[in-house]
Protein chains: 2
Amino acid sequence: MELDERKQKILKAIISNYLETGEPVGSRTISKYTDLNLSSATIRNEMADLEELGYIMQPHTSAGRIPTDAGYRLYVDRMMVEKDTEMEEMKTQLLERVDKMESLLKQVAKVLAYNTNYATLVTAPQYQNSKLKFIQLSQVDEHQLLAVIVVDGNVIKNKLMEVNRPLENDEILKLNVLLNTFLQGASLQDINLEMIQTMKNQAGEFADIMENIFQGIAEAIHEADEVEIYTSGTTNMLKYPELGNLEQTTRLLEALEDRQGLNELIDETIHSDNANGIQVYIGEEAPVSSMKDCSIVTATYELAEGGKGTIGIIGPKRMDYKKVVSTLKNLTGELDTIFKKKE
Amino acid sequence: MELDERKQKILKAIISNYLETGEPVGSRTISKYTDLNLSSATIRNEMADLEELGYIMQPHTSAGRIPTDAGYRLYVDRMMVEKDTEMEEMKTQLLERVDKMESLLKQVAKVLAYNTNYATLVTAPQYQNSKLKFIQLSQVDEHQLLAVIVVDGNVIKNKLMEVNRPLENDEILKLNVLLNTFLQGASLQDINLEMIQTMKNQAGEFADIMENIFQGIAEAIHEADEVEIYTSGTTNMLKYPELGNLEQTTRLLEALEDRQGLNELIDETIHSDNANGIQVYIGEEAPVSSMKDCSIVTATYELAEGGKGTIGIIGPKRMDYKKVVSTLKNLTGELDTIFKKKE
DNA sequence: TATTAGCACTCGATGTGTCTGAGTGCTAAC
DNA sequence: GTTAGCACTCAGACACATCGAGTGCTAATA
């Protein structure tokens, strides 16, 4: 059997209708709804075929049909025409009162959740293989020394250290020069044991301070490589009763709260390069088991400075794919601009 | 009518039982459960009295009794004997793999949620009226200038600025001296327009850099005064069906996700000085309307350096008050020590 | 006078049977 | 190939009976 044009039309009508209502779709509905001018009986025959082809199914005998994962997949891949959205509105919402990067990302997640009624996640931009850009020691007060470490992508790490006695100005100067000559431009791999030993020797009585700084550097670089995930609108998931019983939904919310598993999801997105960076996981395709009744749409955004991050939307399988995809496309395109304005 | 000893015993038995089961408690249960050796009929008479006194109520005719807010209140104020808890276990959980303050706080919230099965919130320590401790400018690369601002409680703020040309070493030195002489030890109120003008004048061609720095200072101090709230275990709330229908619970979860309203709660706690900093809100007493079916227990912790923060637990009214209160008491006592070890 | 046994009563929860309507598959006619 | 029509299925709504936990009240008891 083949999926001819009429079958496609009917399938599309079934899915669209189901997306709107969340109820199984019957033959009569399709017969009236589409411009095919076919009776419900004909539709029924076609529907039986579509079911055999695996695109739709009945939740129980004598109910209408709902799309299977394969049906959604076909819909997303072949039938979807993108929608123009209320992006403008969202942009204005975003431009209000945001200062730091962190709050901006949180805000993005929030606005997105608010506008779509799904759960959203946003990661901060990651910089692969960050390099050291600048290090500076300074004396904060008699007993405290501050190390400022700047890494690629302007991730800044501060480390406070206790010292027994205040350092002289020229001592600090010497240490600063030492640090920057050896370490500027180095990545984590470049800093080997030999280098560490040499520097410790040269630092003389301040070897333990060096030790501390190295630790700080490791942390800073790690931090730059580590993903921070912001989620929002997780409670939206409670609005879709078809996601199964309360227990399942709870597990889903827990996964979202816990970040556990989310990392895996992010990793998968960021390492697959798609045409436009948009990826759609439907049902069982999701890399996280607790989301097997959901669909996930992720998009990668890219900053001019080389940072890459992910925006994702998690919702029921009957999510408004058109809207979600085009919103994400727009947003990832805009993010670089927005960041520039704000930082 | 008076609340004699026997009535108290019965009330206590009712509440304890209800805490365990979550079901309305009948007279027969109490008659068997307690060591009073009274028949169910007698208990019924007493229960009628207790109901008249406002400590218990029937959810419907011919159901057992459940405690009212007033009943819980009495229980918390007068009848509760603290429980020794599995604090040791919790402490060991906390000591694993925690580095930064932020992750420590998140971890505290998480461990607490895991151990109690309620929702938890933790705020970072706040420092009232923070003062400037130290400022330093440095040249990161040709076009970027970094201002490091350290505030009381060692809150550190970094601000990157673009500059047209690299500054000479002595120019930077001059600016650093200028900044520290004027601003060290100053609080936000101390920095007035006059001061700003004087400094700008002295800075000469770098007046706009000064402008930037002032903004950074304002942000830093603000940030030190601003509360960051970490929540965890919010999904635990779904485990208590008596919290009302799904919609109510959703509203509750939204409030927890949104931080909206939580600030109010925190404010109220931190400004009321109780004997041991523990505060219990039952039902309608809560300052957040969406939590009117819950109980909230909050505790204030205090660091040696003067910072103050809040830990809170949100659960159903039938929460295990004994356990919660003693856990919180222990934890707030320990937090200072834990922080010292970790920072 | 305080306690208890006993009884009638209430009311949510549970279970059962019936009805309805949406939807199907199949067959025969167009 | 399409359609009308019909018998059939099944979830959900509804009415109704039953059950049992729990109550309040009264009269008997210690």
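So that the names make sense, note that chain A is the first sequence line, chain B the second, and so on, each numbered from 1. Just so it is clear, the model here is predicted, and its values are computed rather than measured.
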Next item on the list: Quickly work out the B/Ile43 CD1 to C/dG6 C1' distance and round it to whole Å.
Entry: 17 Å
Check: Step by step, would you call B/Arg78 with B/Gln8 a side chain to side chain contact (heavy atoms under 4.5 Å, CB included)?
Finding: CA-CA 10 Å; B/Arg78 301 240 298 263; B/Gln8 284 200 28; 3.1 Å; yes
Check: Counting N and O atoms only, with roles assigned by atom type, does the side chain of A/Glu46 sit under 3.5 Å from a partner on the main chain of A/Arg6, one being a donor and the other an acceptor?
Finding: no
Notebook entry, point to check: What integer distance in Å separates A/Lys7:NZ from D/dT2:C1'?
Noted result: 14 Å
Checklist line | B/Leu50 CG - D/dG22 P separation (whole Å) | finding: 17 Å
Notebook entry, point to check: Roughly how many Å is it from CG in A/Leu36 to C1' in D/dT2, rounded to a whole number?
Noted result: 13 Å
Notebook entry, point to check: Separation of A/Asn45 atom CG from C/dG25 atom C1', in whole Å?
Noted result: 9 Å
Next item on the list: Measure the distance from CZ on A/Arg28 to P on C/dG25 and round it to the nearest whole Å.
Entry: 17 Å
Next item on the list: Please determine, for the side chain of A/Thr42, which listed nucleotide (C/dT4, C/dT24, D/dT3) has the closest atom?
Entry: D/dT3
Next item on the list: Of all the heavy-atom pairs spanning A/Arg259 and A/Thr231, show the shortest one and how long it is.
Entry: NH2-OG1, 2.8 Å
Notebook entry, point to check: Can you find an N or O donor on one side and an acceptor on the other, under 3.5 Å apart, linking the side chain of A/Arg44 with the base of D/dG5?
Noted result: yes
Item checked: Under 3.5 Å donor-acceptor, A/Thr68 side chain and A/Gly54 backbone -> yes
Note to self: Of the listed nucleotides (D/dG5, C/dT24, D/dG24), which one gets closest to any side-chain atom of B/Ala48?
What the structure shows: D/dG24
Check: Do B/Ser16 and B/Tyr33 have side-chain N/O donor and acceptor atoms under 3.5 Å apart?
Finding: no
Next item on the list: Dump the intermediate steps for side chain to side chain donor-acceptor pair (under 3.5 Å) on A/Ser27 and A/Arg44, then the final yes or no.
Entry: CA-CA 6 Å; A/Ser27 52; A/Arg44 277 203 287 287; 3.2 Å; yes
Next item on the list: Run the numbers on A/Ser295 and A/Tyr321 for side chain to side chain donor-acceptor pair (under 3.5 Å), then give the verdict.
Entry: CA-CA 9 Å; A/Ser295 280; A/Tyr321 293 100; 2.8 Å; yes
Item checked: Phosphate OP1/OP2 of C/dT4 contacted by B/Ser40 side-chain N/O (<4.0 Å) -> no
Note to self: I need the OH-C1' distance between B/Tyr18 and D/dG22, as an integer number of Å.
What the structure shows: 16 Å
Check: Would you say B/Arg6 reaches C/dA2's phosphate, i.e. side-chain N/O to OP1/OP2 under 4.0 Å?
Finding: no
Check: Which residues in residues 56-71 of chain B have at least one heavy atom lying under 4.0 Å from any atom of DNA chain C?
Finding: B/His60, B/Thr61, B/Ser62
Next item on the list: Round to a whole Å and report the spacing from CE of A/Met47 to P of C/dA22.
Entry: 15 Å
